*Asks:* 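Quick one: the structure is below, and I'll ask about it shortly.
Everything numeric in this text was worked out from a predicted model, so none of it was measured. All chains are named by letter (A, B, ...) in the order of the sequence lines, taking the proteins before the strands, and each is independently numbered beginning at 1.
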Protein chains: 2
Amino acid sequence: MVDKKKAQNLLNYIGKYVILTPEEELSLLSHISYRKYLKGQYIIQQGDVCKYECFVISGCTKMFHMDHLGQEHIIMFAIEDWWTSDMGSFISQTEADFNVQCVENTELIMFHRDIIEKLYEEIPKLERFFRQIVERALVASQKRIVRSFSLTARERYLFFKNQYPEIEQRIPQYMIASYLGITKEFLSKIKSQITLNS
Amino acid sequence: MVDKKKAQNLLNYIGKYVILTPEEELSLLSHISYRKYLKGQYIIQQGDVCKYECFVISGCTKMFHMDHLGQEHIIMFAIEDWWTSDMGSFISQTEADFNVQCVENTELIMFHRDIIEKLYEEIPKLERFFRQIVERALVASQKRIVRSFSLTARERYLFFKNQYPEIEQRIPQYMIASYLGITKEFLSKIKSQITLNS
DNA sequence: AAAAAATGTTAAACTAGTTTAATATTTATG
DNA sequence: CATAAATATTAAACTAGTTTAACATTTTTT
């Protein structure tokens, strides 16, 4: 049973999509788990099978793919009130393509695969909730593809900085470069050009 | 009421995820609509509000964003047994960022927004079905992002050709170039290099 | 079957972003 | 507080992919 205080962010978040009764809330709390990770620790490792969907209570994670040349490609960050997982591995219980690693000390609420299935049966509202969450994630992902094709590196950086100012502050620049799909050297150049022009 | 024959592909497809009773199937058929479009026609236009999720019975569509320079960026194609929509516009009833246009004469089954909500209430299995569909779409989208960052244009082309050989045959090359995020001239060069080396 | 429209090819000049490598700056640690 | 480790900057040489423009081929229309 997760302490209600620790899960308050999650409950508020769910409350934006569906209204749970006190009993449903209690049942939810009894099925999920809370865990702390330290900066640098892996929540999911490429090659493992992913058993959890994770909600970030505090801290920051990066989800990335390591390619055959050993290069990291960051797909997303997750801070307070974001979800992270390797959905592909989670839904088909196959080897994960992605790593999720903590960029800061991080507190999570974790939904185990088997338990989430039971929760869908017991509280259909939660299935609605997750459907909506995933729909939004898909929209964000498609828009990211468009930006990667239609914007220059400079424009993508400015978009990111504008859309996620908190993240831009908390994360080393070389990770932002990886997220933008460019080298850290080129991001450095872009930033120096921007400061000159202002 | 959609003729069961016309919806057979859809019913088979849904059957891979959830089992509907004959009554549920009937109710479903009575709520969806069937429509034919001609090559070149738009199912969704950027700027409009998207009211439908569409299942392709036959034909082929492209979903693309037109940027401020008038350039098309193709996000996905949809052939038989695929879904297409502008999910962002559909879920929040805001102006669509994407166009969906027919590349061939196309037959669709269309799920209206208001009706899909009612169907979720009436047949919770359908909510499960759509949750799973969207989860898969998200996985595909995230993998596409990885490929756009970690592979060269040549590798992306070979991947596409290998993964979707049917689509590669049916679609003009310049659209494939757009899907891959490169110019048609460069794709032409890639293809000539590949044929030389084999 | 001719003309027009759409699609595909080739090649040269160009540019956005990479690579390499050296140095500077900031942050963490004994 | 000194040293190491991690992060960021700069610049020159380079390359993957773009641009432009002219031409070739295929498909559609009359």
*Asks:* Is there a path of hydrophobic side-chain contacts, each under 4.5 Å between heavy atoms, that joins B:Phe159 and B:Val146?
*Replies:* no
*Asks:* According to ring pair (Phe, Tyr, Trp, His ring centres under 6.0 Å), who are the partners of A:Phe160, at least two apart in sequence or on a separate chain?
*Replies:*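 Partners of A:Phe160 by the ring pair (Phe, Tyr, Trp, His ring centres under 6.0 Å) criterion, ordered by chain and then number, come out as A:Tyr164, A:Tyr179.
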*Asks:* Ring of A:Phe77, cation from A:Lys62 - is the NZ or CZ under 6.0 Å from the centre and inside 45° of the axis?
*Replies:*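 Relative to the ring axis of A:Phe77, which defines the angle, A:Lys62 lies outside at least one limit.
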*Asks:* Can you give me the first and the last nucleotide of DNA chain C (5' to 3') that has an atom within less than 4.0 angstrom of a non-hydrogen atom in chain B?
*Replies:* C:dT7 to C:dT10
*Asks:* With axes from five pairs an end, tell me the bend angle of the helix from C:dA1-D:dT30 to C:dG30-D:dC1, nearest 10°.
*Replies:* 50°
*Asks:* Flag the pair A:Lys125 and B:Glu127 as a salt bridge only when some basic side-chain nitrogen lies within less than 4.0 angstrom of an acidic carboxylate oxygen.
*Replies:*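 So A:Lys125 does not pair with B:Glu127 through a salt bridge.
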*Asks:* Keeping A:Ser92 on the side-chain end and A:Ser89 on the backbone end, is there a donor-acceptor pair under 3.5 Å?
*Replies:* no
*Asks:* Side chain of A:Ser85, backbone of A:Tyr52: donor and acceptor closer than 3.5 Å?
*Replies:* yes
*Asks:* Starting at the 5' end of DNA chain D and moving along, which residue's nearest nucleotide shows up first, B:Gln71 or A:Pro172?
*Replies:*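 The residue whose closest nucleotide sits nearer the 5' end is A:Pro172.
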*Asks:* Hey, does the Lys NZ or Arg CZ of A:Arg35 hover above the aromatic six-ring of A:Tyr37, less than 6.0 Å from the centre and inside 45° of the axis?
*Replies:*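 Yes, a cation-pi geometry.
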*Asks:* Below 30° counts as parallel, above 60° as perpendicular, anything between as tilted: where do the rings of B:Phe111 and B:Trp83 land?
*Replies:*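 B:Phe111 vs B:Trp83 ring planes: tilted.
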*Asks:* Could you run down nucleotides 25-30 of chain D 5' to 3' and tag each one B, S or - for protein heavy-atom contact under 4.0 Å?
*Replies:* ------
*Asks:* Would the distance check show the side chain of A:His65 and the main-chain N or O of A:Asp97 forming a donor-acceptor pair, the cut-off being under 3.5 Å?
*Replies:* yes
*Asks:* Strictly by salt bridge (charged side-chain N to carboxylate O under 4.0 Å, His left out), give each pair with a member in residues 179-190 of chain B just once, sequence neighbours left out.
*Replies:* none
*Asks:* Is a salt bridge present between A:Arg170 and A:Glu80, judged by a nitrogen-to-oxygen distance below 4.0 Å?
*Replies:* yes
*Asks:* What closest approach, in Å, do B:Val139 and A:Ile91 show between heavy atoms, and which atom pair accounts for it?
*Replies:* CG2-CD1, 4.2 Å
*Asks:* Please list, in numerical order, the residues of residues 173-186 of chain A that have a heavy atom closer than 4.0 Å to any atom of DNA chain D.
*Replies:*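 DNA chain D contact set from residues 173-186 of chain A: A:Gln173, A:Tyr174, A:Glu185.
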